[in-house]
Amino acid sequence: MKLFEGHTFHIPVLGVGYSVDTPINVAPFGISSVISLVDDGTIEKMREFYCNKFDIPFKAISKKVEDFRAERITSYLNVVEEIVNRKVEEIKNAASNAGGGLEKYFEMLPDTSALKSKFKLAAKSRSAADELSKWVKEKLHVGSIDVNIMTKLDQAHFKNGEQLPIEHNDAHAALRGYANSNLNSSLVLSAGMSPRLYSYIENFKDFFPDVKGKIKKKIILKVSDFRSAFIQGKMFAAKGLWVSEYRIESGVNCGGHAFPTDGVLFGPILEEFKQNREKLFTTCIEAYKSALTKKEMAQPAEEPELKVTAQGGVGTSEEHSFLLEEYNMDSVGWATPFMLVPEVISIDTETMDLLAKGKEADYYFSGLSPLGVPFNSIKGASMSVRRLQLAKDGKPGTPCTKGFLRYNTEFTEEPICTSSRQYQTLKLQELETMNLPEAEYKKAYDKIIEPECLCIGLSVSTQLSKGMAMKDAEKVTVCPGPNLAYFSKISTLKEMVDHIYGRINLLDKGYRPHMFIKELNMYLDIFKEKMENFQKNMEDAKEKRNLVKFKNNLFDGINYYKELFTEKKKEVVDELDRLLKKYPELDTEL
């Protein structure tokens, strides 16, 4: 078993705003987490809030500033780092005293941590205590203040009718904002490959090794399969950029946008990484060193680390340990359960209560996202209630004020958002001309009005939690993974960490499927829907091939699970068999 000094979990990004200040709350305790860089407006408001709270000088960065988006991001990240450093110093200064933040720091570590053993020894021995105090002041591990950029959110901007250069695009400006910050942390890239954004990274020295081979700003790729990781890893290495971590996410997802595969299950994907990890490293390190030579840059003094981590759907300490031990993961991501930990994330009371009371049937795989990507949510969120009422009143959609998700050019030359009033009005007018049967019309209508304004919805809860005034029209979109259905207790940070490490149990009483079975259930539902659509047009040869591929992938995964769990955890195989009986579609000959 791999030995860990510190924590064996991290907190992935949670929506646009929910984890925007999470590092302030957890980094001093050695826990890494991720900030979304989508919404610079919310980021600017949070900077003002924290500057006032911690007596840090604040000067607003208005939209009239030429590079305002990047500057807002840089300034906020520097403020977050300053606050974290202050909190860490408080913990270090308490090293010679019992109690306080230092005791909480060590209490939360996994029981197998070597650091925790040192702390327990120090409580018994004066010399050990002096040694620990010295170690704390010199080497106390601080959680990483990581940031996330969704590569697809790279909207172009215009001035006087002319498109601005690519560096003014949203993702490019966010990248520049992070690159210019003081942070020594990681950039998490998600939502697919973006060669032009990857090339832009080459403009910033912090992503390259220094003379000692240290990289100040590391790259993390969020991926859903080994092939994608291998291709992108080589692409970065050829530029002299090293991918320090491959963050594998299951189809169940940690919340928000989900990127389901074509039926390939999480277990087989993790197995492929386990079997090919060395191949990934050796292929990339060769290209990496060659690229550094061509750029006349220093070779790393020692080989760079390559971490592989997993996240999405994990909910028990047993599953957590299983991922670490069976697949040699370096860390496990826990996101959704932290939405019930107000000490960690920024969430308003009404939304948190909705999540706490939500049951399995309330969480659903939606079409809320204007990007056309499946989106995890819960029924009854205030933005959804308002969206449905607006449509009923003949005012579908939302005025588009932020515009981060403007991509559709179906009716206009310049992109507009599919959740906007402009788009939905035009789309519904088109629908009226099609004279569809009532059932088909209703289905098409519901699909048109389903996308909602994530730009506003995913940041409102954050601002409400900080007592900021919001307009009546500004409502909350929430993005939990379906895993939250099995949690209902609003908890403290220590309680959730204790749950992760098996010291307490926060799960509701009752049945909860194994994380692998939960994902399989989702894919079986997708397969069933695909089958129903195919049966309406069985002459579609391409769709038939896709269905066959999807079904074959499912069966490969099912057989893998049966072999994996027959000896290790027979009850999972029984659970699997019960689930399969509910899907007679699998027996259909294609």
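All values below come from the heavy atoms of this structure, side chains included, with hydrogens, waters and symmetry mates left out. Note that this is a predicted model, so its numbers are computed, not measured.
Aromatic rings from W242 and Y288 are positioned such that their centres are separated by under 6.0 Å. Aromatic ring centres of F565 and H514 lie closer together than 6.0 Å. With ring centers used as reference points, Y327 lies 6.0 Å or more from F273.
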query: Q424 and S420: side chain to side chain donor-acceptor pair (under 3.5 Å), yes or no, with the steps?
result: CA-CA 6 Å; Q424 291 190 10; S420 69; over 6 Å; no
query: Is there a ring pair (Phe, Tyr, Trp, His ring centres under 6.0 Å) between H499 and F487 once you walk through the steps?
result: CA-CA 11 Å; H499 172 80; F487 292 85; 5.3 Å; yes
- request: Given side chain to side chain contact (heavy atoms under 4.5 Å, CB included), test F207 with I219 step by step and report yes or no.
  value: CA-CA 8 Å; F207 290 97; I219 296 169; 4.0 Å; yes
message: Before you tell me yes or no, could you show the steps for I11 and I31 under side chain to side chain contact (heavy atoms under 4.5 Å, CB included), namely the whole-Å CA-CA distance, both residues' side-chain angles and the distance that decides it to 0.1 Å?
response: CA-CA 8 Å; I11 303 176; I31 300 167; 4.1 Å; yes
task: Please report the C-alpha distance between E350 and K475 in whole Å, then the side-chain angles of each, then the deciding distance to 0.1 Å, and finally whether the salt bridge (charged side-chain N to carboxylate O under 4.0 Å, His left out) criterion is met.
output: CA-CA 11 Å; E350 181 184 336; K475 301 297 183 183; over 6 Å; no
task: Test salt bridge (charged side-chain N to carboxylate O under 4.0 Å, His left out) on D574 and R578 and set out the steps.
output: CA-CA 6 Å; D574 296 337; R578 287 194 298 272; 5.4 Å; no
- request: Evaluate side chain to side chain contact (heavy atoms under 4.5 Å, CB included) for L493 paired with N25, printing each intermediate quantity in order.
  value: CA-CA 9 Å; L493 168 61; N25 305 319; over 6 Å; no
message: T8 vs V332, test: side chain to side chain contact (heavy atoms under 4.5 Å, CB included). Steps then yes/no.
response: CA-CA 6 Å; T8 59; V332 176; over 6 Å; no
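Under the 4.5 Å side-chain criterion, counting only non-hydrogen atoms from C-beta, N408 is not in contact with P415.
Of the possible polar contacts, one joining the E319 side chain to the M515 backbone as a donor-acceptor pair under 3.5 Å is found. A side-chain donor-acceptor contact under 3.5 Å links S250 to the backbone of G312. Within the 3.5 Å criterion, the main-chain N or O of K549 finds no donor-acceptor partner in the side chain of N552. The backbone N or O of V34 sits less than 3.5 Å from a side-chain atom of S19, completing a donor-acceptor pair. No donor-acceptor pair under 3.5 Å is formed between the side chain of E245 and the backbone N or O of K307. The closest donor-acceptor contact from the side chain of Y18 to the backbone of C479 lies at 3.5 Å or more, if one exists at all. Judged purely by atom type and a 3.5 angstrom limit, S465 uses its side chain to pair as donor or acceptor with the backbone of T462. When atom types are taken as modelled, the side chain of N483 and the backbone of V314 share a donor-acceptor pair closer than 3.5 angstrom. Side-chain atoms of S419 never come within 3.5 Å of backbone atoms of P451 as a donor-acceptor pair (strictly under, hydrogens ignored). Judged by distance alone, the side chain of T336 and the main-chain N or O of P480 form no donor-acceptor pair under 3.5 Å.
From H257, atom NE2 reaches atom CG of L153 across 7.5 Å, with rounding to the nearest 0.5 Å. The CG atom of L368 sits 5.0 Å away from the OG atom of S377 when rounded to the nearest 0.5 Å. With values rounded to the nearest 0.5 angstrom, F516 atom CZ is found 12.0 Å from L576 atom CG.
Under the 30°/60° scheme for interplanar angles, the aromatic rings of F550 and F527 are found to lie parallel.
A cation-pi contact, defined as under 6.0 Å to the ring centre and within 45° of the axis, links K279 to F230.
For E539, the CD atom is loosely surrounded, since the number of other residues' heavy atoms within 6.0 Å does not exceed 12. Within 6.0 Å of CD in E563 there are 12 or fewer heavy atoms belonging to other residues, nucleotides or ligands. For Q535, the CD atom is densely surrounded, since the number of other residues' heavy atoms within 6.0 Å is greater than 12. Counting heavy atoms of neighbouring residues, nucleotides and ligands inside a 6.0 Å radius, atom NZ of K402 exceeds 12 of them.
Checked for salt-bridge contact, R503 and D111 meet the test: a charged N lies under 4.0 Å from a carboxylate O. With respect to K530 and E585, no salt bridge is recorded, no charged nitrogen being found less than 4.0 Å from a carboxylate O. The residues K568 and E326 are annotated as salt-bridged, a charged nitrogen and a carboxylate oxygen being separated by less than 4.0 angstrom. Salt-bridge check for D498 with K494: passed, with a basic side-chain N closer than 4.0 Å to an acidic carboxylate O. Comment: D330 engages R277 in a salt bridge, judged by a side-chain N to carboxylate O separation of less than 4.0 angstrom. In this structure, D446 pairs ionically with K442, as a charged nitrogen and a carboxylate oxygen lie closer than 4.0 Å. Note on K357 versus D353: no salt bridge recorded, every NZ/NE/NH1/NH2 to OD/OE distance being 4.0 Å or above. By the 4.0 Å N-to-carboxylate-O rule, K489 lies close enough to E495 to be salt-bridged with it. Salt bridge annotation for R386-E452: absent, with no cationic side-chain nitrogen under 4.0 angstrom from a carboxylate oxygen. Under 4.0 Å is where a charged nitrogen must lie from a carboxylate oxygen, and between K427 and E410 at least one such pair does.
In summary, the side chains of E305 and S244 do not present any donor paired with an acceptor at a separation below 3.5 Å, with no hydrogens or angles considered. In summary, the side chains of Y511 and E575 do present a donor paired with an acceptor at a separation below 3.5 Å, with no hydrogens or angles considered. A donor and an acceptor atom, one from each side chain of Y486 and E360, are located under 3.5 Å apart. Side-chain atoms of S228 and Q232 include a donor-acceptor pair closer than 3.5 Å. With 3.5 Å as the limit, one finds no donor-acceptor pair spanning the side chains of S36 and N148. When only modelled atom types and interatomic distance are considered, Y501 and T112 share no side-chain donor-acceptor pair under 3.5 Å. Checked by atom type, the side-chain pair N253/E249 shows a donor-acceptor distance below 3.5 Å. For the residue pair D146/Y178, the side-chain donor-acceptor check at 3.5 Å is not satisfied. For the residue pair D525 / Y583, a side-chain donor-acceptor distance below 3.5 Å is found, with atom types taken as modelled.
Considering every non-hydrogen atom in both F365 and A258, the closest pair reads CE1-CB, 3.6 Å. The shortest heavy-atom contact between A485 and D508 is O-OD2, 4.0 Å. Residues V80 and P23 come closest through the heavy atom pair CG1-CB, 4.2 Å. The two residues I347 and S461 come nearest to each other via the heavy atoms CA-OG, 3.3 Å. When all heavy atoms are compared, the tightest approach of E543 to F534 is CG-CD1, 4.0 Å. Across all non-hydrogen atoms, the minimal contact from F404 to D39 is CE1-OD1, 3.7 Å.
The one candidate from Q311, H320, H10 that meets the side-chain hydrogen bond (donor to acceptor under 3.5 Å, both in side chains) condition with W334 is H320.
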